[in-house]
Amino acid sequence: MTHTPTIPDEDVAPAVANLETIVSLSKRRGFIFPSSEIYGGINAVWDYGPLGVELKNNVKRAWWRTMVQLRDDIVGLDAGILMAPQVWVTSGHVAEFSDPLVECLTDHRRFRVDELPGAEDLSPSELLDPTVVERLGLKCPVDGGPLSPPRRFNLMLKTFLGPVENDAAVAYLRPETAQGIYVNFRNVRETSRKKIPFGIAQIGKAFRNEISPGNFVFRMREFEQMEMQYFVRPETAAGHFEEWLARRRDWYEAWGVAGGRLRTREHRPDELAHYAKKAVDVEYRFPFGWKELEGVHNRGDWDLGRHQEASGQNLEYFDPATEEHFIPWIVETSAGADRATFTFLIDAYREEEVRGETRVSLALHPELAPYKVAVLPLLKKRPEIVELCQRLVADLRRDTMAVYDDTASIGKLYRRQDEIGTPWCVTVDVESLEDGAVTVRDRDSMTQERIPLEGVKVAILDRLAAARP
Ligand code: GAP
């Protein structure tokens with residue numbers, strides 16, 4: 001693999017030209033809101049509304065299904081956000097997990113060096129060069145004032161445990177979920193009796209004091225990761241790495257993202273995180289450019305080796321076949337639940353002309369859609385129709401997310417469901433009272449078919465099952 005991305009930058013148009021389209025849909029329909037909005041918000045924290053929490057839960061469920069449920073060699077874990085502070089010293093995060101920053105000497109605002117105009121393409125070592133500000137004539141982008149030389153700014157968020165707020169009580173909010181897996185390696189291996197190669201998967205919150213958060217939920221200070229650590233024999237790590245990279249890229253496509261808007265890009269040696277021997281990002285063509293969606297990393301024996309040394313506990317694996325003791329190497333797949341949710345939302349967005357009007361729809365994979373089915377009465381003034389709808393929706397709800405809506409005309413109700421990605425609408429009309437059949441409308445083709453009322457639930461559940469990768 002070369003360091004050149006698999007698709008050149010300029011070749012692919014984003015699914016949505018303007019990010020604002022997704023931000024406003026999210027707000028209007030209840031996917032994502034600014035956090036603490038009534039107090040003016042808090043930078044880089046976002047809240048998921050009624051539809052957003054369904055979508056994100058479905059994304060996490062899809063990941064868990066692929067990474068844990070369908071695999072014999074991977075088990076799950078849910079470790080604490082707070083960990084022994086020594087974990088972060090050993091892992092290298094206290095010393096290394098930082099961005100180079102400059103400070104404006106007049107208004108004291110701080111900026112990431114790589115986001116200043118003229119410094120975007122510098123290598124990590126150039127970004128920390130003490131002469132870089134002077135050499136490139138960098139200025140404060142807000143008031144044009146002079147800037148300090150760059151210095152490292154640690155991204156971990158700190159808190160205090162216990163009643164005393166001093167250095168001895170400092171704890172960190174984890175900046176990655178991975179360390180919870182490493183410190184539980186022995187517990188999980190012993191209790192699950194898994195043999196190498198095997199993996200441990202985890203979904204959970206992570207926190208980073210990002211200096212320049214932005215682009216909606218792309219870079220947040222509180223976010224969720226979906227990480228899997230695969231423990232392997234050292235000489236097999238390179239092969240497992242390639243297999244996982246291909247699987248993880250394909251996962252997004254299997255759940256609906258257009259393959260042409262996905263690519264892989266290998267990190268240059270000077271870009272690698274402190275723990276990585278090799279790293280390749282799965283990138284997506286966001287409206288603001290090609291950006292990292294997920295990272296696949298070969299972490300070697302960095303983590304288990306360091307934790308063994310610092311804790312004094314034996315973290316080696318004994319291979320009964322070869323009678324060898326060794327520290328397993330780790331191939332990590334590290335995805336963001338928010339970034340994945342954001343990607344599915346952007347990529348599903350469609351606008352088309354239908355009978356002289358713009359139809360907006362979200363062509364989400366049916367399993368990811370917040371509601372799978374909406375039950376709509378053609379005439380809400382007929383109590384028998386409404387009653388039949390209520391019975392149907394109550395039955396559907398026992399097995400899936402279903403919603404009833406009678407607050408507009410049928411055309412408007414369809415458009416509302418299209419816009420939030422509901423794959424099927426079931427309409428009950430006057431004829432239904434006589435022939436016991438209802439109309440099922442498909443979100444993407446807009447075709448309608450008449451099916452017996454008692455067959456609706458099975459038909460919807462069958463279609464969902466058939467669509468699952
Ligand atoms: N354990 C390795 C690790 O954390 P990373 O590349 O720093 O690697 C992995 O992060 C993934 O976590 C990213 O690809 C992204 O999807 C997500 N992520 C990282 N920082 C984020 C942030 N500030 N906001 C939202 N998602 C983030």
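Atom set for the values below is all heavy atoms of this structure, side chains included, hydrogens, waters and symmetry mates excluded. For clarity, every value in this text was computed on a predicted model and none was experimentally measured. Counting convention: from 1, in listed order, for ligands and their atoms alike. Position 1 is the first residue of the sequence; numbering continues from there.
- Where the criterion is an N or O separation shorter than 3.5 Å, residue side chain and backbone included, V217 fails it with respect to ligand 1.
- Residue contact check: R299 has heavy atoms under 4.0 Å from atoms 1 (N), 2 (C) of ligand 1.
- Counting atoms of ligand 1 from 1 in the listed order, those under 4.0 Å from a heavy atom of Y275 are 2 (C), 3 (C), 8 (O).
- Using modelled atom types, one finds a donor on one side chain and an acceptor on the other under 3.5 Å when comparing E294 with Y252.
- Under a 4.0 Å N-O distance rule, the pair R299/E176 qualifies as a salt bridge.
- Atom numbering of ligand 1 starts at 1 in the shown order; those under 4.0 Å from a heavy atom of F218 are 24 (N), 25 (C), 26 (N).
- Residue contacts with ligand 1 leave out E224, since none of its heavy atoms falls under 4.0 Å from the ligand.
- For the pair R339 and F218, the cation-pi test (distance below 6.0 Å, angle within 45°) is passed.
- The shortest contact between atom 24 (N) of ligand 1 and any protein heavy atom is with M220 N, 2.9 Å.
- Cation-pi geometry between R306 and W302 is met: under 6.0 angstrom from the ring centre, within 45 degrees of the axis.
- In terms of polar-atom proximity, P175 is not counted as a contact of ligand 1, lacking any N or O under 3.5 Å from an N or O of the ligand.
- A donor-acceptor pair shorter than 3.5 Å cannot be found between the side chains of Y39 and E37.
- Among all heavy-atom pairs drawn from S123 and D270, the shortest one is CB-OD2, 2.9 Å.
- At least one heavy atom of L293 sits under 4.0 Å from some atom of ligand 1.
- For the pair K56 and Y48, the distance from NZ or CZ to the six-membered ring centre is under 6.0 Å and the angle to the ring normal is within 45 degrees.
- Using modelled atom types, one finds a donor on one side chain and an acceptor on the other under 3.5 Å when comparing E332 with H297.
- Polar contact check, R208 against ligand 1: a nitrogen or oxygen pair lies under 3.5 Å apart.
- Residue, atom and distance of the protein heavy atom nearest to atom 17 (C) of ligand 1 are G336 CA, 3.8 Å.
- For ligand 1, the atoms closer than 4.0 angstrom to any heavy atom of E332 are 1 (N), 2 (C).
- Here the heavy atom of the protein found nearest to atom 26 (N) of ligand 1 is F223 CD1, 3.5 Å.
- Of the charged side-chain nitrogens involved, at least one lies within less than 4.0 Å of a carboxylate oxygen, so that E283 and R265 count as a salt-bridged pair.
- Per-residue contacts place S334 under 4.0 angstrom from the following atoms of ligand 1 (heavy atoms of the residue considered): 1 (N), 2 (C), 3 (C), 4 (O), 8 (O), 9 (C), 10 (O), 11 (C), 14 (O).
- Only one option out of H307, E316, Q313, Q308 pairs with R186 in a side-chain hydrogen bond (donor to acceptor under 3.5 Å, both in side chains); it is Q313.
- For the pair E210 and ligand 1, the shortest N or O to N or O distance falls below 3.5 Å.
- In this structure, the protein non-hydrogen atom closest to atom 6 (O) of ligand 1 is E292 OE2, 2.9 Å.
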- Item | Stepwise ring-ring contact (aromatic ring centres under 6.0 Å, His included) check, Y284 with W290 | CA-CA 5 Å; Y284 176 70; W290 286 98; 7.5 Å; no

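- D99 and R112 are joined by a salt bridge, as a carboxylate oxygen and a charged side-chain nitrogen come within less than 4.0 angstrom of each other.
- Here is the list of ligand 1 atoms found below 4.0 Å of a heavy atom in E294: 14 (O).
- What sits closest to atom 10 (O) of ligand 1 on the protein, heavy atoms only, is Q225 NE2, 3.5 Å.
- Close contacts between ligand 1 and E227 involve ligand atoms 1 (N), 2 (C), 3 (C), 4 (O) [criterion: under 4.0 Å to a heavy atom].
- Heavy-atom contacts of E176 reach the following atoms of ligand 1: 1 (N), 2 (C), 3 (C), 4 (O) (cutoff under 4.0 Å).
- Among K291, R339, E283, the residue whose heavy atom lies closest to atom 15 (C) of ligand 1 is R339.
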